[in-house]
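Right, one structure below, let's go through it.
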Amino acid sequence: MLEALPGLEAVAEGELRTVPLARDIRGLRFWYPGEPERLTRLRGAVAAYRVRAWDVPRPRGLLGHQQLGELTAFLEEVGRFGGHRSFRLAAAGRESSVMTRIAEELQTALNLPHDPEEGELLIRLRPQEDGPGWEVLARLTPRPLSARPWRVCNMGGGLNATVAYALHKLAGQRDEDRIFNPMSGSGTLLVERALLGPYDAMVGVDTNAEAVECARSNLRAAGREVEVAQVDALQTGLPPRSFDLIVSDLPWGDAVGTHGGNAVLYPAFLAEMHRLCSRQGRLVVLTHEIKLFERILREQDRWNARELFQVYSGGHHPKAYLLGKR
Ligand SMILES: C[S@@+](CC[C@H](N)C(=O)[O-])C[C@H]1O[C@@H](n2cnc3c(N)ncnc32)[C@H](O)[C@@H]1O
């Protein structure tokens with residue numbers, strides 16, 4: 001089964017439906033007889049798990065000789081694929097004596113160190129959704145899928161890569177798009193779009209020199225060439241209608257930017273992006289300043305806007321909007 005950020009389940013499910021051998025898809029649960037490697041290339045989910053249920057009324061039942069043998073074999077197979085170097089348990093009552101015993105038994109049986117905080121083989125135990133037993137979920141990869149291999153540089157306020165993927169998927173992916181990513185930060189939106197497939201042109205700008213360098217490093221690590229410039233997004237000097245898709249996660253007023261500054265920045269941003277956007281173009285905005293942004297939308301008449309999603313990520317609940325010119 002897959003795990004998605006709350007709010008992005010439909011995006012993850014849509015991507016799952018493109019996996020040739022995924023069958024019997026019910027939300028993020030599915031049956032899959034293919035190579036697990038294919039699942040590790042999913043971009044809209046934060047994790048992929050192998051799942052197996054045991055007909056036991058309580059977790060203690062997993063300590064039975066037969067169940068423990070089966071559980072070990074199940075986890076070893078996942079470990080052989082993922083190359084995990086440690087494990088951890090995630091379950092309600094993780095500190096209970098039964099969970100402690102399960103962890104001790106697995107440590108011996110799997111010959112892997114138990115690291116309760118950082119363990120790479122994440123093992124979730126929970127009551128079965130559609131039966132009386134307990135199910136065990138084992139994460140296929142040592143790190144979440146959202147921790148992309150291309151991320152060699154991180155910055156405060158950096159976007160979760162699965163959110164960037166979702167923004168691009170819902171904005172629409174077109175080969176002929178000229179794409180602008182104002183306020184590109186560490187370049188998450190640029191890299192994720194560059195990895196999705198062809199586009200006509202793409203450029204990112206940020207006023208912060210460190211952010212520009214950070215985005216360049218991430219793009220290099222991803223093996224993609226995209227121009228990133230240290231320029232104010234509101235003063236690019238570019239001609240009108242230069243872009244078909246403008247996509248941005250605006251400063252949110254806590255990690256990046258200030259609330260007072262945003263009250264000035266947001267309307268100025270909408271005005272300038274209106275100038276830079278082509279007639280049929282799309283503007284996609286992700287922001288945590290929901291009240292401010294929705295008030296500004298109500299007070300203007302140049303953009304149509306609709307909400308794309310609200311996601312829970314990193315302690316925030318930002319919303320994404322798709323805007324088109326009236
Ligand atoms: C929320 S962060 C973007 C995060 C980015 N998507 C990432 O994944 O790292 C907002 C960025 O906007 C930049 N910024 C703020 N005002 C700007 C402006 N007027 N022009 C260009 N960049 C600006 C900040 O330097 C910051 O890097």
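Hydrogens, waters and symmetry mates are skipped; everything else that's a heavy atom, side chains included, is used. Keep in mind it's a predicted model, so treat the numbers as computed, not measured. Order of appearance sets the numbers: ligands from 1, and atoms from 1 within every ligand.
Residues F269 and V285 meet the side-chain proximity criterion, which asks for heavy atoms closer than 4.5 Å. Residues F30 and R17 have side chains not in contact (no heavy-atom distance under 4.5 Å, counting atoms from C-beta outward). Using a 4.5 Å cut-off on side-chain heavy atoms (C-beta onward), Y312 and L5 make no contact.
Between E307 and K319, at least one side-chain N (NZ, or NE/NH1/NH2) sits under 4.0 Å from a carboxylate O, which counts as a salt bridge. Salt bridge status for E70 with R52: present, with a side-chain N to carboxylate O gap under 4.0 Å. A salt bridge does not link E117 to R88: none of the charged nitrogens lies less than 4.0 Å from a carboxylate oxygen.
Distances from ligand 1 to the non-hydrogen atoms of G157 include at least one value under 4.0 Å. In this structure, V231 counts as a contact residue of ligand 1, since one of its heavy atoms falls inside 4.0 Å of the ligand. Residue-ligand proximity: S184 is placed with a non-hydrogen atom under 4.0 Å from ligand 1.
For ligand 1, the atoms closer than 4.0 angstrom to any heavy atom of G158 are 7 (C), 8 (O), 9 (O). The distance from ligand 1 to the heavy atoms of G185 drops below 4.0 Å at these ligand atoms: 5 (C), 9 (O), 27 (O).
Evaluated by nearest non-hydrogen atom to atom 24 (C) of ligand 1, the leading choice among D206, L286, N208 is D206. Distances from atom 6 (N) of ligand 1 to the heavy atoms of T287, D249, L159 show the closest one on D249.
Some N or O of A233 is nearer than 3.5 Å to an N or O of ligand 1, by distance alone.
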